[in-house]
Amino acid sequence: MDFASPDFFDWNAGYASRRLPVFARNLVATSHPLAAQAGLRIMAAGGNAVDAAVATAAVMTVVEPCSNGLGSDAFCILWDGERLHGLNASGRAPAAWTPEYFRRRHGDGAATPPVRGWDAVTVPGAVSAWVALAERFGRLPLAQLLEPAAEIAERGYAVPVVVGEKWAAAAQVGSLVSQPGFAETFLPRGRAPRIGERFTLPGAARALRTIGATRGQAFYGGEIAAALVRQSQAQGGAHTLADFAGYRPEWVEPIAMDYHGVTLHEIPPNGQGIAALIALGILRHVDLTEHDADSVMARHLQIEAMKLAFADVYHHVAEPSAMALSAADLLSPGYLAERAKLIDPKRAQDFRAGNPAKGGTIYLTAADESGMMVSFIQSNYMGFGSGVVVPEWGLSLQNRGHAFSLDAASANVVAPGKRPFHTIIPGFVTAGGRPLMSFGVMGANMQPQGHLQTLLRMVDWFQNPQAACDAPRWRFNAGLELNVEAAMDPAVVQGLAALGHRLDVIDDSYQDFGAGQFIWRLGDPAVEGYVAASDPRRDGLVAGF
């Protein structure tokens, strides 16, 4: 089967949407138009897809501060023209962090680190990802890549609809806005900016130019690091200059699962990408194509496979060195075949973890005519993250430390230098060892669920990327609880309920069902190019030439 042929897809298949597929030889897709345009500007100046991705990511920290910032974490999968590479730039715990540290500061009853404040902040990795990607694969200087973001931060931009709505919601969260520096930076008129209102971030412009001029050194060992540590210590945090100076991102080999002629690749643990692979591996033992893409049974079988995957991931997955089982154990074909047997087509179930060892988020993707393709994701986590802001640098920080456990029996228990279980995951698909699609879906545990649902629509039912992106989605929460989008056929909703799924029909698609971007290769990228899609659930844009 020729997955790269335009004839592979049904171009008539579609759902209610504001978007159409975009065809070009050089493409950037993300959830804010200014960011996509910045990436394209860098390509037009001689940069490649990696340069465009870094420039786009930098702009996103300015124009979607409710989802990410200079203090984010990041992950990337890229095709360099010859092979895949994975990059894990998730944060590590400060050297002082132990369960005892948190119980001493937050009480013996604490089960996790707090949601807000410095005790929620691991050493952030996004800036290190930009530096590592640009130095290894880019063509242009880092300072040039960050300048579009610095210009936007300095001149300001009009706040778009979805970002404005999320910003306004965050302004009502007392534990967030009470953090020192937050209101000064992100509520400049004593409130969230209104939709269409101009917002500037001059401190971020200064930070971006300093990061570019020092190739990231200022963030991990210079004046920005010093400012971060001063504020941490002034507010009772444990971060030291040594914690920042010792941080390095990690190049990793992606893990993978074959399915119906294609291979889905994900970053290995400490992330949750393995959940999409487990679910896909289980569905290899179920013939989904016997059912229509939008049928009750097609949805039910996917939901049950995803529930089985999450049961294992939440129990077993953590920093690889702390896991009792490996990714290979969890992806063992024999084990997944046994897990598939647990699915009952006649009823929904609440699954538990198995034992295979029987012996805030933004996403972007870019591709260029040389064949380079980049899948990149970065996040502050729970809506402006920790709330920690360093105003003079326009810098907000993630709260990924909250994802640690304080239970000594947990594989995800906090420890010095350790990385917590992570939700953000870039995706990549190959066919026959060649690149086919760079893609991702945002939104906490929606991410592997979105990977699964959209990929199956393309591969099993030949829906084009925009149609697969537009189709109404479901989201598993816990137990038998399920959310479905309001656009889903009421007869299907009733059919799922009859199988025992406890459903809530949700009309807030941005908050509950993620948003994604997709670039699919069509033959020779210098000749046929690519087709790209962007999710209507966000204010995004696909830009290309």
Side-chain angles (χ1 to χ4, degrees), residues 28 30-39 41 55-72 116 124 126-127 145-174 176-212 224 227 360-364 378-399 442 510-511 515 537-541 543:
V28 180
T30 192
S31 56
H32 197 291
L34 292 179
Q37 291 165 5
R41 166 181 161 184
T56 302
V59 172
M60 290 301 293
T61 66
V62 176
V63 298
E64 285 200 19
C66 42
S67 299
N68 71 139
L70 290 169
S72 287
R116 310 294 182 190
V127 168
L145 305 184
L146 303 189
E147 184 56 29
E151 291 174 3
I152 293 169
E154 194 168 59
R155 295 186 62 188
Y157 61 92
V159 174
V161 175
V162 172
V163 173
E165 291 172 350
K166 189 171 184 181
W167 209 322
Q172 306 305 311
V173 180
L176 183 64
V177 300
S178 64
Q179 294 298 321
F182 182 89
E184 174 186 345
T185 305
F186 293 115
L187 307 177
R189 299 169 183 86
R191 55 168 173 77
R194 296 191 178 100
I195 294 169
E197 194 168 42
R198 178 171 169 265
F199 176 75
T200 62
L201 205 52
R206 177 185 172 215
L208 286 158
R209 289 181 175 129
T210 303
I211 290 166
I224 298 177
T361 299
I362 67 90
Y363 175 79
L364 65 94
Q378 66 186 20
S379 171
N380 264 4
Y381 200 25
M382 302 168 70
F384 282 103
S386 64
V388 170
V389 179
V390 183
E392 64 267 32
W393 293 105
L395 201 160
S396 61
L397 292 157
Q398 40 84 334
N399 60 338
M442 296 167 268
Y510 170 67
Q511 290 293 338
R537 297 165 182 84
R538 288 288 278 269
D539 299 312
L541 177 72

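If you're wondering where the values come from, they're calculated on a predicted model, not measured in any experiment.
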Is a donor on one side and an acceptor on the other found under 3.5 Å between the side chain of [X] and the backbone of [Y]?
| X | Y | result |
| --- | --- | --- |
| Arg198 | Arg155 | yes |
| Thr200 | Ala153 | no |
| Glu64 | Ile362 | no |
| Tyr157 | Val62 | yes |

Query - Pairing residues for Tyr381 by the ring pair (Phe, Tyr, Trp, His ring centres under 6.0 Å) criterion, not counting sequence neighbours - result: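 Ring pair (Phe, Tyr, Trp, His ring centres under 6.0 Å) list for Tyr381, sorted by chain: empty.
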
Report task. Under the side-chain contact (heavy atoms from CB on, under 4.5 Å) rule, what do Val163 and Val63 come out as? Steps first, then yes or no, please. Result -> CA-CA 8 Å; Val163 173; Val63 298; over 6 Å; no

Donor-acceptor pairs under 3.5 angstrom involving side-chain atoms of residues 385-397: please list them, not counting sequence neighbours.
from, atom 1, to, atom 2, distance (Å)
Ser386, OG, Val388, N, 3.0
Ser386, OG, Leu397, O, 2.8
Ser396, OG, Asn380, ND2, 3.1

To the closest 0.5 Å, what do you measure between [atom1] ([X]) and [atom2] ([Y])?
| X | Y | atom1 | atom2 | result |
| --- | --- | --- | --- | --- |
| Thr210 | Ile224 | OG1 | CD1 | 5.5 Å |
| Gln37 | Thr56 | CD | OG1 | 10.5 Å |
| Glu165 | Ile195 | CD | CD1 | 5.0 Å |

Query raised in the report: Is there a side-chain contact between Thr61 and Gln378, using heavy atoms and a 4.5 Å cut-off?
Result: yes

Could you report the tightest heavy-atom contact between [X] and [Y], atom names first, then the distance?
| X | Y | value |
| --- | --- | --- |
| Ala207 | Leu70 | CB-CD1, 3.7 Å |
| Val59 | Pro148 | CG2-C, 4.2 Å |
| Pro124 | Gln398 | CA-NE2, 3.8 Å |
| Thr361 | Ser379 | OG1-OG, 2.8 Å |
| Gly383 | Leu176 | O-CD2, 3.6 Å |
| Ala58 | Leu146 | CB-CD2, 3.6 Å |

Query - Verdict with reasoning, Ser67 to His32, per side-chain contact (heavy atoms from CB on, under 4.5 Å) - result: CA-CA 12 Å; Ser67 299; His32 197 291; over 6 Å; no

Query - Full working for side-chain contact (heavy atoms from CB on, under 4.5 Å) between Met60 and Ser31 - result: CA-CA 8 Å; Met60 290 301 293; Ser31 56; 3.3 Å; yes

Query raised in the report: Do NZ/NE/NH1/NH2 and the carboxylate oxygens of Arg209 and Glu147 come within less than 4.0 Å?
Result: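 A salt bridge is present here (some side-chain N lies under 4.0 Å from a carboxylate O).
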
Tabulate below the donor-acceptor pairs under 3.5 Å that side-chain atoms of residues 183-193 make, not counting sequence neighbours, or state none.
from, atom 1, to, atom 2, distance (Å)
Thr185, OG1, Gly181, O, 2.9
Arg191, NH1, Glu197, OE1, 2.9
Arg191, NH2, Glu197, OE2, 3.0

